[in-house]
Amino acid sequence: MSTALESNVRIQQENFVVTDEIEAIKKVSRNIGGITTFLGTGRELSKGENISKLDFEHYPKMAEKKLEEIRIQAIKDYGIIEMIIVHRIGEIDIGENIVLIVAAGEHRKETFKACEWAIAELKRTTPIWKRETTSTGEVWVQDTP
Amino acid sequence: MSTALESNVRIQQENFVVTDEIEAIKKVSRNIGGITTFLGTGRELSKGENISKLDFEHYPKMAEKKLEEIRIQAIKDYGIIEMIIVHRIGEIDIGENIVLIVAAGEHRKETFKACEWAIAELKRTTPIWKRETTSTGEVWVQDTP
Amino acid sequence: MITVKYFASLRSIAGKEEDQFNMGSETTLINLTHEISKTAPIIGEMILGKKVMVSVNLDVASLESIIRDGDEIALLPPFSGGI
Amino acid sequence: MITVKYFASLRSIAGKEEDQFNMGSETTLINLTHEISKTAPIIGEMILGKKVMVSVNLDVASLESIIRDGDEIALLPPFSGGI
């Protein structure tokens, strides 16, 4: 696989720095005029219950493969210049970064569309699971039927 | 005016750091689950011409007032938790940051909508002007009729 | 006195950043425009032809608006902030 | 041998991370499901009732899919990545 795969879609335990990812995507082209970023963070409340901890698990190789498919399709379908996707796994505290999608393009409209599509597609197709710890115990969240 | 005005909408010469703005908005609430960010950067090409430099001018006080109106309306109309808007003025090189809009909410959908609306509204209502320097000279860009 | 501010391309056309006009205690934007036209007919035409917007004390105003001594008027060419 | 991997809630139900099944050189996912049901009927029901998705060598597959010796099967509960 290309180096693009290794750097542009990642699943990792450690935190990421939004500015670093944006600066990396800027280097791809001097024709980038708009960059839309979606950052998902750990909320305290879920269905009215207080969450104390989140835990993410993924299916290695398949999850990375799905993220790369999303990146390729976003570039193709929305005409953006580049996309970076990073998802963290392992224990995540309230307020911490979970997932980042960066869509860079010449104009803003396609970057909004691509970014919003990509996070929905990630939730739909990428084998990553979230376990929430609340006062009543631990539960695997099942969002997608 | 409140301190929120001073920190959440700003027009400044110096660059901004996206991560710093995101971390600032995260502190507003532990219920933030989604943060959509739009970053506008200086493109090399405009209508086929190579741009060597950009220069932004604003109408002081009125521009800040319009940005604050956008922030207030975005929070009210889209039900987001907070919005930060920063626009730079003065000389800006290709690839440099120009404008940043950060929309934080409980869920992702309203943050995408609010962020996309805010950048369109900024372009429509905020007295800021861009001058492009190309090989054929300098020109004030007139986007909005 | 009424202060008139020129921005962006308007400043180049006017050749200055601002003007002062003595229009008495109360008048309309349209009367001020006629006064501006005496020395800068191009700018007067741009205002009347809606090529530029006009603000009064930081709010966009129509040509029929009443303006008063001490008001700050600005002539605003089409905006091009953002990207 | 065919490897079956259990993820998230499925791992708790199975009580293990993966299984090995000897199904000959070629069979279908539905036959593998019947084999799984012998020791873990709940999991078999979840597969047949589409409560979990099944992947073959990293791609989502239907129950009619042919699987071969050496394939990696995974049982995937509904995803909940992102936020």
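Below, chain A is the first sequence line, B the second, and so on; all start at residue 1.
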Flag side-chain contact, heavy atom, 4.5 Å: [X] against [Y]:
X	Y	result
C/Ile83	B/Phe38	yes
B/Thr125	C/Met53	no
C/Val60	B/Met62	yes
B/Trp140	C/Ser12	yes

Fill in the blank from the handout: d(C/Asp59 CG, B/Glu69 CD) to nearest 0.5 Å is 6.5 Å

Residue pair [X] / [Y]: nearest heavy atoms and the distance that separates them:
X	Y	answer
C/Lys5	B/Tyr59	CD-CE1, 3.9 Å
B/Leu122	C/Gly81	CD2-C, 4.1 Å
B/Lys66	C/Leu58	CE-O, 4.3 Å

Practice task
Could you verify whether a donor N or O on one side chain and an acceptor N or O on the other, from B/Gln142 and C/Ser9, lie under 3.5 Å apart?
Solution key: yes

Exercise for the section: Anything under 30° is parallel, anything over 60° is perpendicular, the rest tilted; go ahead and classify B/Trp129 against C/Phe79. Expected result: perpendicular

Practice task
Give, as side chain, backbone, both or neither, the part of C/Lys51 having an atom under 4.5 angstrom from any heavy atom of chain B.
Solution key: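 Neither part, no heavy atoms under 4.5 Å.
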
Problem - Sequence neighbours excluded - side-chain hydrogen bond (donor to acceptor under 3.5 Å, both in side chains) pairs with any residue from residues 111-122 of chain B - result: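 Matches after skipping sequence neighbours: B/Thr36-B/Thr111, B/Glu121-B/Arg124.
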
So for atom [atom1], which belongs to [X], do other residues, nucleotides or ligands contribute more than 12 heavy atoms lying within a distance under 6.0 Å?
X	atom1	result
C/Ile42	CD1	no
C/Glu17	CD	no
C/Gln20	CD	yes

Practice task
For B/His87 and C/Gly82, indicate whether the former's side chain and the latter's backbone hold a donor-acceptor pair under 3.5 Å.
Solution key: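 Side chain of B/His87 to backbone of C/Gly82, a donor-acceptor pair under 3.5 Å: yes, one is there.
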
